Amino acid sequence: MNTSHIKDKWPMHVFFISQGISLLGVGYTVLPIILLLFWLINIVKKTRNILVDFVVDDQIRWIVFYYVVFVFAVFMSDLIMKGSLTNLDGPLYKIAFGVFAMLGYAIAKSFDSNELQKVGYSWIVFWVFVLLIFIEFYYRGIYQYHRGIFVAPHILFSGLIMIGLINVAYLAENRYRNKLASLVSAIMLLWSLFCSYRYSVSDVLPHLYLVCILIMFVLSANRASMYVVSILFIALIIFFLLRSDILEQLKSVDLTHGNWWMELLNERQYVWSAVIRMIGQYPFWGVGSGNFSTVCRNILTEMNSSSSYSTFAHAHNLLLQNFAVHGVIAGTAFIALLLSIFRLIFNAPICKQIGAFRLAMLGLWSVYVLYGSVDNAPLYEEIIPLFWGSLGLFMGMVAKERIKKDDSTSEDKRYNPCL
């Protein structure tokens, strides 16, 4: 092993270690984060303009602006409504969003994008493999791990799918690996897809994973990606036609019957009704962190709800959760933050240096929003480093590519004033 490489590039390795190991338990990230924070302080001292893109870059500064507004609104909400600062909805966890995004940004600005993605790919494949081994051991009764994302099935498989999509992005672009490494990536993809359909208790996640895989291969600039899409489509057709149980279910579907829709919602109609009433009762600052369950119980009682649950722990919707817990200002700022992130993804420079990571971001944040519309799993602390750290990496890589593009344009204008 090239120890000098690790000595010089250790922040990259520590960052990707923190992203993966947090899925096994947030306590494991303490040491890596302390090391990275000391490194970040040192980098900011040495390179004082490293954070200038937060103000100058038109794409990045809006993400920073809405994030600051969101955190401020969350803090004010808990201060006024006497919420719990250490609750999962509280400002400390929202600050963690920014910490990981800033660490990712500094990593991306400090190291070469191609080398960064090579290192990142290696660690991503490793963590996907580790998760799959743990999942197989868990569900086969060999060893049942009960920390991190393994505390609940919906968190477990949302974490697996999200880190799996990053592997899919690198496989689709196929730029940094030899044939053997590509084969390993493909095996990880098929294995994770198999585990999702076999073990996941969610009816949404496995299908969402498959759809995101198809979309990412369709959008890939790699010519071979469309062959993969065609094979997947043929496999889906064969699977569908050979599943007689699915065809029998389709024969009895009645979309005009109200019970069909109620079963589809799986009692979310009760909590969403309560949440909308909650927003009406506490519009400005919400109910405060840690108070959702109590207020929800009171509203369900007033509604004479026939739900089998006396209350709910969360809104089963990321957007409604922020509106209900922290009010209209925080909820609107959170939506604007998400829109700014997608604006960055779609408007980022089209180049080979960030092609794979752009696909990864599209997959990650699509799952964040789509699965987050029916569940709060993407909110949990174990997944924060993966999401927000990856956002920071992408922000840094995009900023570097824009600087290169601007420098190239300036150079062209110097020799051709007509440009």
Side-chain angles (χ1 to χ4, degrees), residues 9-41 43-44 50-51 53-54 60 63-64 67 71 92-111 113 115-128 130-131 148-149 158-167 169-170 337-338 340-341 344-345 348 354 356-368 377-400:
K9 312 296 182 182
W10 69 265
M12 282 194 296
H13 293 278
V14 173
F15 179 80
F16 289 115
I17 288 172
S18 70
Q19 282 193 306
I21 205 168
S22 68
L23 299 174
L24 302 178
V26 290
Y28 297 129
T29 62
V30 173
L31 180 58
I33 294 307
I34 290 175
L35 292 173
L36 287 172
L37 285 175
F38 278 114
W39 171 81
L40 177 63
I41 293 170
I43 286 295
V44 172
I50 193 171
L51 304 179
D53 298 309
F54 288 177
I60 294 174
I63 294 177
V64 176
Y67 168 75
V71 172
L92 292 183
Y93 283 97
K94 312 308 180 190
I95 291 173
F97 294 176
V99 170
F100 278 100
M102 187 174 293
L103 287 172
Y105 171 85
I107 291 287
K109 290 283 285 186
S110 303
F111 300 100
S113 295
E115 185 174 15
L116 181 66
Q117 293 192 74
K118 290 178 183 178
V119 172
Y121 160 71
S122 300
W123 278 110
I124 287 297
V125 172
F126 171 78
W127 287 120
V128 172
V130 169
L131 283 182
I149 61 176
S158 61
L160 172 65
I161 287 170
M162 291 162 191
I163 197 169
L165 285 172
I166 302 178
N167 173 57
Y170 284 115
L337 174 61
L338 293 178
S340 299
I341 291 171
L344 176 69
I345 294 171
I354 61 174
F357 216 79
R358 184 178 186 177
L359 276 183
M361 288 295 295
L362 180 60
L364 275 178
W365 287 93
S366 295
V367 172
Y368 190 90
L379 182 68
Y380 285 90
E381 64 266 36
E382 294 88 356
I383 304 176
I384 289 175
L386 184 63
F387 268 111
W388 298 93
S390 297
L391 172 62
L393 286 174
F394 189 62
M395 289 165 61
M397 286 190 281
V398 168
K400 284 199 301 185

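In this text, all values refer to a predicted model and were calculated from it rather than measured experimentally.
Tyr368 and Trp388 have perpendicular rings, their planes meeting at more than 60° on a 0 to 90° scale where under 30° would count as parallel. Relative orientation of the Phe357 and Phe394 rings is parallel, given thresholds of 30° and 60° on the angle between their planes. Aromatic ring pairs are classed by plane angle as parallel below 30°, tilted from 30° to 60° and perpendicular above 60°; the pair Phe54 and Tyr105 is tilted.
Note that the CD1 atom of Ile163 and the CD atom of Gln19 stand 7.5 Å from one another [nearest 0.5 Å]. To the nearest 0.5 angstrom, Leu116 atom CG is 12.0 Å from Ile354 atom CD1. To the nearest 0.5 Å, atoms CD (Gln117) and CD1 (Ile124) are separated by 11.5 Å. If you take CG on Leu36 and CD1 on Ile17, they are separated by 9.5 Å, rounding to the nearest 0.5 Å. In this structure, Ile341 CD1 and Leu337 CG are separated by 4.5 Å, a value rounded to the nearest 0.5 Å. For the atom pair Phe387 CZ and Phe97 CZ, the distance stands at 10.0 Å (nearest 0.5 Å).
Inter-residue side-chain proximity for Leu131 and Ile149 is flagged as met; some heavy-atom pair is nearer than 4.5 Å. Residues Leu391 and Phe100 have side chains not in contact (no heavy-atom distance under 4.5 Å, counting atoms from C-beta outward).
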(Q) Before you tell me yes or no, could you show the steps for Ser158 and Tyr380 under side-chain contact (heavy atoms from CB on, under 4.5 Å), namely the whole-Å CA-CA distance, both residues' side-chain angles and the distance that decides it to 0.1 Å? (A) CA-CA 10 Å; Ser158 61; Tyr380 285 90; over 6 Å; no
**Q.** Stepwise side-chain contact (heavy atoms from CB on, under 4.5 Å) test for Leu103 and Phe15
**A.** CA-CA 8 Å; Leu103 287 172; Phe15 179 80; 4.1 Å; yes
Q) Given the rule in the side-chain contact (heavy atoms from CB on, under 4.5 Å) test, do Lys9 and Val119 qualify, once you have shown the distances and angles that lead to the verdict? A) CA-CA 10 Å; Lys9 312 296 182 182; Val119 172; over 6 Å; no
(Q) Evaluate Leu35 against Ser18 for side-chain contact (heavy atoms from CB on, under 4.5 Å), listing each step before the verdict. (A) CA-CA 11 Å; Leu35 292 173; Ser18 70; over 6 Å; no
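What you find for Val26 and Glu381 is that their closest heavy atoms are CG1-CG, 3.3 Å. Closest approach of Ile60 and Ala399 over heavy atoms only: CD1-CB, 3.8 Å. Heavy atoms only, all atoms of each residue included: Leu24 and Trp127 are closest at CD1-CZ3, 4.2 Å. Gly363 and Leu165 get closest at one heavy-atom pair: O-CD1, 3.5 Å. Of all heavy-atom pairs spanning Val398 and Ala348, the tightest one is CG2-CB, 3.8 Å. Heavy atoms only, all atoms of each residue included: Ile63 and Ser340 are closest at CG1-CB, 3.7 Å.
Of the possible donor and acceptor atoms, one in the side chain of Tyr67 sits under 3.5 Å from a partner among the backbone N and O of Gly98. Lys109 places no side-chain N or O within donor-acceptor distance of the main-chain N or O of Met395, the cut-off being under 3.5 Å.
Taking the centre of each ring, Phe16 and Phe126 stay at or above the 6.0 Å mark.
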